[in-house]
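Have a look at the structure below, then the notes.
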Protein chains: 2
Amino acid sequence: MDLSTLVNRQIRLAQRPKGLPGPECWQRTEEPVSAPQEGGVLFQNLALSLDPAMRGWMNEGKSYIPPVEIGAVMRAGGIGRVIASANPGFAVGDLVSGGSGVQDYCLVPGDQVKRTGLVKIDPRMGSITQWLNVLGMPGMTGYWGLMDIGQPKAGETVVVSGAAGAVGQTVGQIAKIKGCRVVGIAGGPEKCNWVVQELGFDACIDYKSGSVKDGLKQHCPNGVDIYFDNVGGEILDAVLARINRKARIIICGAISQYNNTDGMVGPKNYLSLLVNRARMEGMVVFDYAPRYLEAIVEMAGYLKDGRMKSKEDVVRGTVDDFPATLLKLFRGENFGKLVLQLAD
Amino acid sequence: MDLSTLVNRQIRLAQRPKGLPGPECWQRTEEPVSAPQEGGVLFQNLALSLDPAMRGWMNEGKSYIPPVEIGAVMRAGGIGRVIASANPGFAVGDLVSGGSGVQDYCLVPGDQVKRTGLVKIDPRMGSITQWLNVLGMPGMTGYWGLMDIGQPKAGETVVVSGAAGAVGQTVGQIAKIKGCRVVGIAGGPEKCNWVVQELGFDACIDYKSGSVKDGLKQHCPNGVDIYFDNVGGEILDAVLARINRKARIIICGAISQYNNTDGMVGPKNYLSLLVNRARMEGMVVFDYAPRYLEAIVEMAGYLKDGRMKSKEDVVRGTVDDFPATLLKLFRGENFGKLVLQLAD
């Protein structure tokens with residue numbers, strides 16, 4: 001391939017957002033594409049993963065990974081196809097999962113291949129979009145958060161917020177497979193019906209119509225043993241009021257709070273942890289990297305035998321569609337794992 | 001003893017408080033004293049334990065134990081001397097620890113002796129007030145919360161709020177004995193000096209003069225591995241901002257919040273749990289009842305050999321002094337474990 005004809009369109013962080021990230025936060029640039037040097041790999045981005053965590057990466061300050069620097073290409077995981085390789089582990093045409101960035105092409109220098117977690121993926125185990133969903137970071141997050149922090153036992157009641165989202169669909173389906181009662185929380189009847197009818201959740205509470213508190217009372221008659229929290233805010237408080245003794249709350253995210261301009265709101269019912277000898281614990285998926293393959297193999301099997309389904313909300317477009325598409329997440333408009341597909 | 005000459009003065013809950021419990025919450029009654037029936041024990045209260053948890057017991061609604069009913073004698077743990085017994089396990093003159101109630105005499109029916117945890121205590125292991133402090137519920141709370149939930153390792157940094165209080169002094173001293181760096185948080189220079197100079201804490205932050213945040217920065221240069229929280233509120237948030245990876249936060253109480261009339265405030269920095277893969281876990285001391293003796297034996301040894309000290313704030317008086325004395329707790333006026341001593 002003649003790389004000199006290629007133009008790499010990129011979306012860079014122009015300024016840190018206050019509240020929702022508007023167009024002023026982004027800068028569009030173009031660069032030529034250069035060939036990989038010894039050990040390096042060049043791939044074309046086929047699909048980018050759009051995640052709530054991106055909002056956190058845009059903030060200044062200490063977190064579980066460094067913030068995206070002003071002027072840097074926006075960080076994004078993605079699936080790509082290798083178009084040039086100076087690394088014996090990767091051949092032209094291979095499908096890879098890696099730290100794509102919001103751009104058309106990603107050049108990974110030799111010393112960064114391992115560090116950034118560039119790996120080949122097997123298209124027979126799942127589609128490109130499934131590799132960003134159940135078989136990707138959200139799936140790993142849901143699987144390991146539930147299994148390692150939550151430690152579900154058959155017969156327990158598991159509640160998961162963002163139930164129709166990328167992490168939520170994995171959590172709920174795995175919990176069902178492990179023999180739990182599963183109650184989702186999602187926005188709108190379409191998502192709620194889908195997680196019940198298609199994914200087999202026992203119930204799903206529509207937080208947009210009616211009270212989550214009442215829904216929990218109705219659908220969790222034996223209380224809540226595990227809560228997988230993707231949203232924070234009032235929903236976290238409502239679940240805290242219904243937890244059982246020795247309950248485990250997995251803190252995975254707090255999408256309801258990320259764009260609050262007047263500061264985070266903490267869970268006012270947190271003393272329910274005391275009364276119930278319960279635990280609230282945070283998790284970061286990267287810690288489980290050495291064990292990703294276990295979960296991928298298990299879940300690819302479930303996808304194949306139909307015990308597990310996945311849903312992606314695929315927006316087809318270019319990197320220029322990234323800023324607007326990202327906002328769908330924070331408005332709860334995506335239905336399933338949000339993916340920006342750039343090429344086939 | 002002629003029981004018919006005795007009058008049992010009692011303080012009963014007249015109404016549930018809003019905010020600080022004022023005199024309108026209490027009712028003073030007198031009753032004759034009757035002899036114990038088969039299996040029962042009658043003891044005279046020598047000293048009552050006054051604890052922040054009492055405020056919670058006065059509220060309506062589900063908690064780790066039922067609320068004190070309106071019209072019932074106020075619940076209180078205490079140390080007493082048996083004055084009549086129909087139980088072969090207890091002899092007149094024995095010192096006992098049990099569910100005394102705020103009254104002069106406590107009659108425990110035969111079927112309640114086990115259920116209420118009435119036990120003989122050995123005055124050679126500690127004084128009456130120490131049996132309400134390090135060797136009593138606060139000591140058990142501090143010991144088991146730190147050891148079982150906190151799981152301290154030598155070299156780790158342990159922070160404890162309410163450091164000069166009953167639970168805090170146990171937590172800090174045990175953590176020192178286990179080889180940790182210990183930083184207390186307390187109100188006023190007198191308490192802070194005492195925990196450093198007398199109890200051997202490495203430092204103590206005076207939350208009444210200056211910022212807890214700055215104090216933590218100064219005295220926890222390697223971050224915080226374990227935080228034993230007795231206070232909640234802004235101090236919990238300040239510590240959350242300084243925790244290390246895999247930190248453990250023991251939620252034992254939230255005295256800063258108990259009398260809030262406009263509702264609890266949750267920890268707005270709770271997402272630090274996520275970033276740091278940390279855990280916040282509640283504990284209730286009663287769960288450790290089968291293991292109390294282990295801790296009592298260990299700590300009585302430390303008291304004897306001088307590795308541990310204890311401080312009680314002993315108010316001498318009658319049950320009529322209970323309402324005003326209790327308020328000392330919520331104003332932070334007690335220095336050490338608050339005890340109302342009724343007799344010798």
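Note that the coordinates shown come from a computational prediction; the quantities given were computed from them, not determined experimentally. First the proteins, then the strands, lettered A, B, ... as listed; each starts at 1.
- For chain B, the nearby part of Asn276(A) is the side chain; its heavy atoms alone come within less than 4.5 Å.
- Around the NZ atom of Lys217(A), the shell of radius 6.0 Å holds no more than 12 heavy atoms that belong to other residues, nucleotides or ligands.
- Interatomic distance, CG of Asp229(A) versus OH of Tyr270(B), reported as 5.5 Å (0.5 Å rounding).
- Scanning all heavy atoms of the two residues, the minimum distance from Arg245(B) to Asp287(A) falls at NH1-OD1, 3.9 Å.
- The number of heavy-atom neighbours closer than 6.0 Å to NZ of Lys213(B), taken from other residues, nucleotides and ligands shown, is 12 or below.
- Within a 6.0 Å sphere centred on NZ of Lys328(A), heavy atoms belonging to other residues, nucleotides or ligands number more than 12.
- Proximity to chain A (any heavy atom under 4.5 Å) is shown, for Asp237(B), by neither the backbone nor the side chain.
- Paired with Glu281(A) under the rule side-chain contact (heavy atoms from CB on, under 4.5 Å), one option of Arg248(B), Arg277(B), Arg279(B) passes, and it is Arg279(B).
- When the candidates Val275(B), Asn269(B), Ile250(B) are compared by the number of heavy-atom contacts under 4.5 Å with chain A, Val275(B) comes out ahead.
- When heavy atoms are compared at a cutoff of 4.5 Å, Val284(A) approaches chain B by way of both its backbone and its side chain.
- Within 6.0 Å of NZ in Lys114(B) there are 12 or fewer heavy atoms belonging to other residues, nucleotides or ligands.
- Heavy atoms of Leu240(A) lying under 4.5 Å from chain B are absent altogether.
- If you measure heavy-atom distances from Leu271(B) to chain A, the contacts under 4.5 Å come from the side chain alone.
- Heavy atoms of Met280(A) lying under 4.5 Å from chain B belong to its backbone as well as its side chain.
- When the candidates Gly266(A), Ser272(A), Gly253(A) are compared by the number of heavy-atom contacts under 4.5 Å with chain B, Gly266(A) comes out ahead.
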